[in-house]
Amino acid sequence: AQTVTQSQPEMSVQEAETVTLSCTYDTSESDYYLFWYKQPPSRQMILVIRQEAYKQQNATENRFSVNFQKAAKSFSLKISDSQLGDAAMYFCCYYGGSQGNLIFGKGTKLSVKP
Amino acid sequence: DGGITQSPKYLFRKEGQNVTLSCEQNLNHDAMYWYRQDPGQGLRLIYYSQIVNDFQKGDIAEGYSVSREKKESFPLTVTSAQKNPTAFYLCASSITGRLSQNYGYTFGSGTRLTVV
C-alpha cells in the first residue's frame with residue numbers, strides 16, 4: 001500500500017525567510033500525482049501546489065515551489081519570503097490510480113515568527 | 001459561487017445515537033469523499049464515491065454509512081457502532097476519480113462532532 005511520510009511534526013521560520021518542508025512517499029506505481037495542502041486555523045483545506053509524476057519539471061506557484069525527486073520518492077515544499085499568513089498545517093498527499101483516492105501524510109505544523 | 005457546503009458546523013451526539021452529516025456540492029464533480037481528522041493522525045478516508053449510486057469503503061469505514069442518490073449530495077451517518085466518533089469530519093469532491101484528470105480535491109469547511 002502507498003504511504004506518505006512527513007518527518008517534521010513542527011517547523012518554525014522567521015518572517016521573510018525561506019523554509020523547506022519534507023515529504024517522502026512509497027509506491028510501486030509509475031504514474032501518480034503529488035499535492036501539498038495547507039490547513040490554516042480556520043481548518044479550511046487549501047490546495048497549495050500539484051505535481052504530476054511524469055513531468056520532470058518542478059511545479060511552482062508564486063512563493064511556493066517543490067523539489068520532486070522521483071527516484072528518491074521525495075517531494076519537498078519550499079516556501080520563500082515567508083509571511084504570517086503562511087502559518088498553518090501543511091499536508092503532503094499522494095494520488096495514484098490503483099488507490100483511487102488521496103492519501104495524506106500526518107502533517108507539518110508551520111509557525112511564522114514576526 | 002461553486003463549492004462544497006457541509007452542515008452543521010458543530011454537532012453534538014449522545015451515546016447510542018445515530019447522526020447524519022450533510023455534504024452538498026454544486027461543482028458538478030463526479031467523485032466525493034469523507035475524511036476523518038484527529039490530532040496527529042492526518043486525514044483518514046472513511047468512504048468515497050466515484051459515481052452516483054456507487055460507493056466504496058475507505059480505511060476506517062466501520063461504524064459509518066453513506067449514500068449517493070444524487071450527484072450533488074453525499075451524506076455521512078455516524079452510527080452508534082462507532083465507538084469513538086469525536087473528531088473533525090471533512091467532505092471533499094473531485095472532477096473525476098480517474099487518475100488522468102486528477103486536479104486535486106475541493107474541500108468543505110468541515111463538521112466538528114462531539115459525543116456528550
Side-chain angles (χ1 to χ4, degrees), chain A residues 1-10 21 23-25 27 29-55 59 61 64 66 75 77 88-109, chain B residues 1 3-6 9-10 23 25 27 29-51 54-61 66 74 87-113:
Chain A
Q2 292 84 1
T3 58
V4 177
T5 302
Q6 294 179 249
S7 59
Q8 306 151 316
E10 295 188 25
L21 308 184
C23 174
T24 58
Y25 58 95
T27 184
E29 296 173 329
S30 59
D31 194 14
Y32 51 87
Y33 294 81
L34 296 164
F35 304 85
W36 279 98
Y37 276 86
K38 167 185 177 180
Q39 188 180 41
S42 68
R43 306 199 80 169
Q44 178 68 53
M45 201 70 76
I46 301 165
L47 178 62
V48 175
I49 202 163
R50 168 182 177 265
Q51 175 79 42
E52 298 169 42
Y54 65 86
K55 288 188 176 179
E61 289 288 342
F64 298 87
V66 298
F75 184 60
L77 175 70
M89 282 290 287
Y90 285 83
F91 292 97
C92 178
C93 305
Y94 169 97
Y95 183 93
S98 65
Q99 192 75 18
N101 57 77
L102 208 55
I103 300 170
F104 283 75
K106 293 189 176 183
T108 296
K109 183 177 181 181
Chain B
D1 289 337
I4 297 182
T5 301
Q6 287 188 242
K9 192 174 179 66
Y10 299 96
C23 178
Q25 55 102 355
L27 298 164
H29 285 178
D30 284 334
M32 297 186 75
Y33 312 82
W34 275 106
Y35 285 88
R36 170 177 170 145
Q37 186 175 19
D38 297 282
Q41 294 284 339
L43 274 69
R44 293 181 291 168
L45 182 68
I46 305 173
Y47 269 98
Y48 65 104
S49 167
Q50 298 191 347
I51 196 168
D54 188 39
F55 49 83
Q56 287 78 40
K57 292 182 179 180
D59 301 319
I60 56 165
V66 293
F74 192 42
F88 187 66
Y89 292 85
L90 280 163
C91 179
S93 70
S94 63
I95 294 172
T96 173
R98 292 198 302 272
L99 177 65
S100 62
Q101 297 181 28
N102 197 284
Y103 296 95
Y105 293 1
T106 300
F107 284 85
S109 56
T111 293
R112 175 68 184 176
L113 174 62

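Because the structure is predicted, anything quoted here is derived from the model rather than measured. Order of the sequence lines fixes the chain letters, A, B, ..., with proteins taken first and strands second; residue numbering starts at 1 for each chain.
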Heavy-atom donor-acceptor pair, A:Gln44 side chain to B:Gly110 backbone, under 3.5 Å: no
A:Gln39 versus chain B, heavy atoms under 4.5 Å apart: side chain, backbone, both or neither? side chain
Can you measure from CE (A:Met89) to CG (B:Leu43) and round to the nearest 0.5 angstrom? 9.5 Å
Which portion of B:Leu45 sits near chain A, non-hydrogen atoms under 4.5 angstrom: side chain
Student check: side-chain heavy atoms of B:Gln37 and A:Phe91 closer than 4.5 Å: yes
In this structure, are over 12 heavy atoms from other groups packed under 6.0 Å from A:Ile46 atom CD1? yes
Shortest non-hydrogen separation from B:Leu90 to A:Arg43 and the atoms involved: CD2-O, 4.4 Å
Closest approach of A:Leu102 and B:Tyr105, non-hydrogen atoms and distance? N-OH, 2.8 Å
Could you tell me whether the side chain of A:Asn101 reaches within less than 4.5 Å of the side chain of B:Gln56, counting heavy atoms only? no
